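Since we're looking at a predicted model, the values are computed, not measured. Naming convention: chains lettered A, B, ... in sequence-line order (proteins, then strands); numbering from 1 in each chain. In what follows, every heavy atom counts, from backbone to side chain, and hydrogens, waters and symmetry copies are set aside.
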Amino acid sequence: MNAPSPALTCTFFVRDYDLAATLSSGQSFRWEKKDESWIGVVAGKWVKLDSGPGSITATVAEPVADWQWIIHYLQLEIGFEDIVRTFPADAPMQTALQACRGLRLLRQDPWECLASFILSSTKQIVQIQQIITLLTERFGSPLPVRAPYPPAFSFPSAERLTRCTEAELRACKMGFRAPYLLETARTIAASQFELQRIGALSLEDARARLTGLPGVGRKIADCVLLFAYGFPTAFPVDVWVMKALKQLYFPRSRKMNLKRLHSFSAEHFGCHSGYAQQYLFHYMRTKHENAKRS
DNA sequence: GCCCAGGTGAAGC
DNA sequence: GCTTCACATGGG
């Protein structure tokens, strides 16, 4: 077989892939929409994604022969229909599914995902994006970019962040999250904690390891387990998912606390409950604008 | 001014 | 075990 020759673009044929919903659904915070394209950084490479009918085209700044990194990130090879089929048949779930069919889960870099969600607590998605943009501009490395697009930067490594002061991090507008990020970066960089090994553990053990890090509780751990490691039943419950579960499933119960909702979700949403969770989250966040459009 | 945002950890009961 | 509160910052 001939090795594929290096190229600047590659087109992938896809079905049921809503790129816009996927990249704007609060999994990753590094995507910016420019005209009809999405600009981001994946695996240390600047990349532009364009969605066509039944296809996604990736464009990079320097020719590459192997596109596996973007295939993996976008999860282009998963059996989407097989996942959606496992969702419960109840009305709320089917409404959410219909509202944003084609929404996918990404497979992100564990460190970037962990650091990003440490910065996410009680912040709106736009603000998380602002913080991460500042962090990458100040402490990441500049990457080759295609003209005429603005400069892009890698996500700073844990080791790089250990050389920051807390004040420098706070200056990225992250507030009280700065010491959490700094301490976690130190733990990771000192190899007291191997992110590599988390994926081989059971869900419960992996979650226990992550929640041992400062600033990482159940919710942030579940985000990393789902968005970076692909644990299919990690089920992050934030304020939106909480609202979705209470309003859609327990409209007249006053005593549904976090713990009860976790046990409900574990038995109700099936073997891909994490995927189902992302549909509920995105549906709740966007249903008002959808209502306006239709 | 107020309430809220992909929460967590510590203190109080 | 649970509930309450402080913690920065910016949007609506």
Side-chain angles (χ1 to χ4, degrees), chain A residues 21-31 96 100 103-108 110 112-135 138 164-185 187 207-231 233-248 253-263 265 269 273-289 292:
Chain A
T22 300
L23 300 183
S24 69
S25 68
Q27 306 176 53
S28 168
F29 305 99
R30 302 208 65 194
W31 293 97
C100 43
L103 171 64
R104 305 295 193 103
L105 287 183
L106 302 167
R107 187 65 65 90
Q108 302 179 52
E112 176 172 338
C113 189
L114 172 62
S116 298
F117 277 96
I118 286 175
L119 300 176
S120 75
S121 66
T122 58
K123 277 286 178 196
Q124 296 182 110
I125 288 174
V126 279
Q127 298 174 351
I128 303 166
Q129 289 168 335
Q130 289 168 2
I131 294 169
I132 290 174
T133 297
L134 286 173
L135 192 69
R138 294 180 184 181
C164 295
T165 64
E166 184 181 319
E168 284 177 315
L169 294 181
R170 279 182 186 264
C172 297
K173 320 220 178 203
M174 65 182 74
F176 62 83
R177 304 156 195 84
Y180 293 150
L181 180 61
L182 191 51
E183 264 314 298
T184 292
T187 305
R207 182 183 287 136
R209 285 291 281 148
L210 287 174
T211 52
L213 294 165
V216 182
R218 170 73 186 258
K219 189 269 170 183
I220 289 175
D222 276 359
C223 284
V224 178
L225 292 169
L226 184 62
F227 302 144
Y229 294 102
F231 282 92
T233 57
F235 195 96
V237 179
D238 75 318
V239 291
W240 290 98
V241 174
M242 172 92 79
K243 200 185 302 179
L245 294 176
K246 281 184 173 176
Q247 282 181 11
L248 303 176
S253 170
R254 231 278 329 118
K255 53 176 183 176
M256 290 310 291
N257 60 19
L258 196 55
K259 193 175 177 187
R260 285 160 186 269
L261 291 175
H262 268 130
S263 57
S265 68
F269 289 102
S273 54
Y275 234 100
Q277 170 277 153
Q278 193 64 12
Y279 273 84
L280 293 174
F281 175 77
H282 193 67
Y283 169 64
M284 288 302 283
R285 286 193 63 243
T286 57
K287 64 177 176 175
H288 295 302
E289 47 190 280
K292 255 186 288 177

Heavy atoms under 4.0 Å, any strand shown: does A:Leu213 hit a base, just sugar-phosphate, or nothing? sugar-phosphate
Where do A:Cys100 and A:His282 come nearest, in terms of heavy atoms and distance? CB-CD2, 3.8 Å
Nucleotides bounding contact with chain A, strand DNA chain C, heavy-atom threshold 4.0 Å: C:dC2 to C:dG11
Between A:Phe117 and A:Phe227 (judged by ring centroids, cut-off 6.0 Å), do the two rings come close enough to count as a pair? yes
Classify the nucleic acid contact of A:Lys219 as base, sugar-phosphate or nothing, counting any heavy atom under 4.0 Å across all strands shown. base
Would you indicate what A:Gly215 reaches in the nucleic acid, counting non-hydrogen atoms under 4.0 angstrom: base, sugar-phosphate, or nothing? sugar-phosphate
Give one of base, sugar-phosphate or nothing for A:Arg170, where a contact means two heavy atoms less than 4.0 Å apart. sugar-phosphate
How would you label the contact of A:Thr122 with the nucleic acid (heavy atoms, under 4.0 Å): base, sugar-phosphate, or nothing? base
Distance, P atom - from C:dA8 to B:dA11, rounded to whole angstrom: 16 Å
Test side chain to side chain donor-acceptor pair (under 3.5 Å) on A:Thr22 and A:Gln27 and set out the steps. CA-CA 8 Å; A:Thr22 300; A:Gln27 306 176 53; 5.3 Å; no
Quantified in whole Å, what is the P atom distance between nucleotide C:dC7 and nucleotide B:dG6? 22 Å
Starting from the 5' end of DNA chain B, give me the residue, A:Cys223 or A:Pro214, whose nearest nucleotide shows up first. A:Cys223
Distance alone, cut at 3.5 Å: any donor-acceptor contact between the side chains of A:Ser265 and A:Gln277? no
For a quick test of reading the model, state the closest non-hydrogen atom pair linking A:Ser25 to A:Leu103 and the distance between them. OG-CD1, 3.6 Å
Minimum heavy-atom separation for A:Leu114 and A:Val224, please, with both atom names. CA-CG2, 3.6 Å
Please classify the nucleic acid contact of A:Ser116 as base, sugar-phosphate, or nothing, using heavy-atom distances under 4.0 Å. nothing
Counted 5' to 3', the first and last nucleotides of DNA chain B within 4.0 Å (strictly under) of a heavy-atom of chain A are B:dA5 to B:dG9
Residue closer to the 5' end of DNA chain C, A:Lys259 versus A:Arg177 (nearest nucleotide): A:Lys259
Describe the nucleic acid contact of A:Val216 in one word from base, sugar-phosphate, nothing, applying a heavy-atom distance below 4.0 Å. sugar-phosphate
If you round to the nearest 0.5 Å, how far is CH2 of A:Trp31 from OG of A:Ser24? 12.0 Å
By side chain to side chain contact (heavy atoms under 4.5 Å, CB included), which residues pair with A:Ser116, not counting sequence neighbours? A:Phe29, A:Glu112, A:Ile132, A:Phe155
Test log, rule side-chain contact (heavy atoms from CB on, under 4.5 Å), inputs A:Gln247 and A:Met284: CA-CA 10 Å; A:Gln247 282 181 11; A:Met284 288 302 283; 3.6 Å; yes
